[in-house]
Every structure is written in C-alpha cells, then in structure tokens.
Amino acid sequence: IRLIDLGSTNGTWVQGLRIRDVDLPPGAMVRLGDSQLRVLQRDEPPALPLSTSTHFGELLGESAPMRAVFSLLERAARSDATVLLVGETGTGKDVAARSLHAASTRSQGPWIPLDCSAITPSLFESELFGHLRGAFTGAHETRRGAFEEADGGTLFLDEIGELPLDLQAKLLRAVESRSIRRVGENRERPVDVRLVCATHRDLLRLVNEGRFREDLY
C-alpha cells in the first residue's frame with residue numbers, strides 16, 4: 001500500500017516519522033491529525049454473505065448488493081440490538097425498518113415511527129418521553145411519549161441526526177437504563193423498547209464536528 005501526503009495541514013506520520021511518500025508495511029501505525037490507524041492486509045478479501053431470498057419483508061431485489069443487505073437484516077432481526085440504517089433520502093430506510101420489525105420477535109408488539117426532522121425542537125423531549133399535565137404551557141393533559149407507546153415493540157427514530165445535542169444525552173440515558181422520565185415528573189418508568197434509527201447524514205462527521213455525541217453514536 002502506497003501512502004502519499006498531498007500537503008496536509010497536520011502532516012502524516014508513520015511509526016513516529018513524518019512522511020510524504022511511503023510504502024506501508026503490514027501492521028504500520030499511521031497518524032493523521034488526532035486519528036491513528038493500523039494498516040492490516042488480508043490474503044483473501046472477507047466473504048460477504050448473501051441471502052438466499054430475493055426479498056425481505058417489503059424490500060425486493062435479486063442483485064448481490066440487495067441480497068447482502070437482506071442477509072444483514074435477517075441477522076439483525078434475530079437479535080434485539082439497536083440498529084442504525086444509513087442512506088440517502090429515498091433509498092427506503094423506513095421500509096427496511098418496518099420489515100426489520102415485522103421479522104423480529106417483537107412483531108406482535110407496537111411499531112412506533114417518529115420523524116425527528118418534523119418535530120419542533122422545544123417539543124422533542126415531550127414527544128420522546130411524554131409529559132405531565134401542566135408541565136409546560138399548552139400541556140393541558142398528561143401524555144405518553146413515543147418510548148412508552150413502543151413498550152414491548154420497536155421505536156423507529158427517523159433522521160436521528162436532527163436530534164438536538166442536549167436531547168441526545170437524555171436519549172443515551174434512556175437507551176442505557178431502559179427507563180424514561182416524563183417531562184415534569186421525578187420518577188423513572190421502565191420501558192422495553194427495541195430502537196431502530198435512520199439518517200441520511202454522515203454521523204461520524206457530525207461527531208468530529210461536535211454536533212453528535214460520540215457515546216450515543
């Protein structure tokens with residue numbers, strides 16, 4: 001592998017030496033700004049498993065890339081892990097999320113979608129966690145949030161990259177503790193929710209820019 005520095009601001013460093021053009025040996029440590037990478041080479045490219053099916057729920061496709069996606073979704077459906085779907089607008093992330101829920105062990109539970117890009121920032125917390133009557137101006141009655149509505153099923157957070165930073169910390173706490181607190185309430189409420197998220201944004205870039213929490217990512 002040949003590595004060339006094209007005049008970067010911070011320089012490129014290999015094994016502690018600043019380089020401009022170098023052939024990298026396997027196992028070499030490369031430092032790019034604040035990031036460190038280890039170079040590994042495989043004798044054979046990793047095998048990409050393909051599903052034997054040409055559909056997954058509402059998704060249809062016979063090509064190798066689509067069957068590779070189906071294989072990943074089939075594996076995810078068998079687990080209860082949090083899933084992040086990344087892709088450009090219009091590629092069917094919501095369809096993949098619905099199909100994942102339908103194929104999971106939670107298929108008989110509720111499916112609650114929430115579009116983070118369509119919510120007023122001041123109402124985010126109430127939409128996610130609910131609120132008590134009188135908790136804020138306009139809260140005329142107690143209301144359950146998306147987490148409680150999805151209890152026993154799947155909560156789909158579409159465009160999670162639009163979530164404000166302060167609310168990202170509260171979402172992380174809910175994911176880790178499996179409990180939520182309604183706006184205006186002091187006690188924690190346990191919830192059993194499988195979280196599926198989607199975004200068209202590059203979340204890793206947002207992490208580097210300080211606009212998305214690294215621990216939540």
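Just so you know, these numbers use all the heavy atoms, side chains as well, and skip hydrogens, waters and symmetry mates.
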Can you tell me if Asn186 has over 12 outside heavy atoms packed within less than 6.0 Å of its CG?
no
Heavy-atom pair of closest approach, residues Trp111 and Pro113
O-CD, 3.5 Å
Heavy atoms from other residues, nucleotides or ligands near CD of Glu214 exceed 12 (cutoff 6.0 Å):
no
Can you see which heavy atom on His55 is nearest to which on Leu60, and at what distance?
CB-CD2, 3.5 Å
If we ignore hydrogens and angles and just use 3.5 Å, is the side chain of Gln168 paired with the main-chain N or O of Leu163 as donor and acceptor?
yes
Stepwise side-chain contact (heavy atoms from CB on, under 4.5 Å) test for Thr154 and Leu100:
CA-CA 9 Å; Thr154 302; Leu100 182 61; over 6 Å; no
Taking all non-hydrogen atoms of both residues, which atom of Gly11 and which atom of Arg18 are closest, and how far apart?
CA-NH2, 3.4 Å
Yes or no on side-chain contact (heavy atoms from CB on, under 4.5 Å) for Ile119 and Glu162, after CA distance, side-chain angles and deciding distance?
CA-CA 9 Å; Ile119 303 174; Glu162 310 304 321; over 6 Å; no
Could you pull out the closest heavy-atom pair between Cys197 and Phe156, with the gap in Å?
C-CE1, 4.2 Å
Test item: Val83 and Leu85 side chains (from C-beta on) under 4.5 Å apart, heavy atoms
yes
Would you say Val175 and Tyr217 are hydrophobically clustered, going by side-chain heavy atoms of ILVMFWY under 4.5 Å?
yes
Checking the side chain of Arg31 only, and the main-chain atoms of Gln36 only, is there a donor and an acceptor separated by less than 3.5 Å?
no
Is it true that Leu32 and Leu204 fall in one hydrophobic cluster, defined by side-chain heavy atoms closer than 4.5 Å?
no
Within one Ile-Leu-Val-Met-Phe-Trp-Tyr cluster: Val196 and Leu216, side-chain cutoff 4.5 Å:
no
For Phe56, all residues meeting ring-ring contact (aromatic ring centres under 6.0 Å, His included), sequence neighbours excluded:
none
Whether over 12 other heavy atoms sit under 6.0 Å from Arg205 CZ:
no
Does any non-hydrogen side-chain atom of Ile160 lie less than 4.5 Å from one of Leu171?
yes
Audit row: Leu203, Leu206, side-chain contact (heavy atoms from CB on, under 4.5 Å) steps and yes/no:
CA-CA 5 Å; Leu203 289 190; Leu206 295 185; 3.9 Å; yes
Look up atom CZ in Arg144 and atom OG in Ser126, then write down how far apart they are to the nearest 0.5 Å.
13.5 Å
What do the steps show when you test Leu157 against Leu128 for side-chain contact (heavy atoms from CB on, under 4.5 Å), and what is the final call?
CA-CA 10 Å; Leu157 296 182; Leu128 277 177; 3.8 Å; yes
Do the non-hydrogen side-chain atoms of Arg194 and Ser79 ever get within less than 4.5 Å of each other?
yes
Determine whether a donor-acceptor pair (N or O, by modelled atom type, separation under 3.5 Å) exists between the side chain of Ser71 and the backbone of Ala68.
no
Atom pair CZ (Arg181) and NZ (Lys170), whose distance is rounded to the nearest 0.5 Å:
9.5 Å
Heavy-atom distance under 4.5 Å between the side chains of Leu114 and Glu127, does that happen here?
yes
Restricting to non-hydrogen atoms, name the atom on Ser51 and the atom on Phe70 that form the minimum distance, rounded to 0.1 Å.
CB-CB, 3.7 Å
State whether the side chain of Ser107 and the backbone N or O of Ala103 hold a donor-acceptor pair below 3.5 Å, judged by distance alone.
no
Tell me whether Asp34 at atom CG has more than 12 heavy atoms from other residues, nucleotides or ligands lying less than 6.0 Å away.
no
Would you find a donor on one side and an acceptor on the other, under 3.5 Å apart, between the side chain of Arg133 and the backbone of His140?
yes
Applying ring-ring contact (aromatic ring centres under 6.0 Å, His included), name anything that partners Phe147, two or more places apart in sequence or on another chain.
Phe129
Would the distance check show the side chain of Arg38 and the main-chain N or O of Gly27 forming a donor-acceptor pair, the cut-off being under 3.5 Å?
yes
Taking only residues two or more places apart in sequence or in another chain, which ones pass ring-ring contact (aromatic ring centres under 6.0 Å, His included) with His131?
Phe136
Got more than 12 heavy atoms from elsewhere within 6.0 Å of CD, Glu88?
no
State yes or no: do Leu172 and Leu165 share one hydrophobic cluster built from I, L, V, M, F, W and Y residues joined by side-chain heavy-atom distances below 4.5 Å, directly or via other members?
no
Return yes if a side-chain donor-acceptor contact under 3.5 Å exists between Ser179 and Ser177, otherwise no.
yes
Side chain of Gln15, backbone of Met29: donor and acceptor closer than 3.5 Å?
yes
Give me the atom names and distance for the closest heavy-atom approach of Asp5 to Ile19.
CB-O, 3.6 Å
Counting only N and O atoms by type, is there a donor-acceptor contact under 3.5 Å from the side chain of Thr199 to the main-chain atoms of Arg201?
yes
Find out if a path of hydrophobic residues (ILVMFWY) with successive side-chain heavy-atom gaps under 4.5 Å connects Leu132 to Val183.
no
Regarding Glu159 and Ser117, is there a side-chain donor-to-acceptor distance under 3.5 Å anywhere?
no
Can you tell me how far apart CG (Leu195) and CG (Leu155) are? Round to the nearest 0.5 Å.
5.5 Å
Atom CG in Leu167, atom CD in Glu125: separation rounded to 0.5 Å?
6.0 Å
If we ignore hydrogens and angles and just use 3.5 Å, is the side chain of Lys93 paired with the main-chain N or O of Gly87 as donor and acceptor?
yes
Assess whether a salt bridge exists between Asp192 and Arg106, defined as any Lys/Arg side-chain N lying under 4.0 Å from an Asp/Glu carboxylate O.
yes
Going by heavy atoms in the side chains, are Leu59 and Leu73 under 4.5 Å from each other?
yes
So, taking the atom named CZ in Arg67 and the one named CD in Glu74, what distance separates them when rounded to the nearest 0.5 Å?
10.5 Å
Here the gap from Thr12 atom OG1 to Leu17 atom CG, rounded to the nearest 0.5 Å, amounts to 12.5 Å
Between Arg178 and Pro190 (side chain of the first, backbone of the second, donor and acceptor by atom type, cut-off under 3.5 Å), is there such a pair?
no
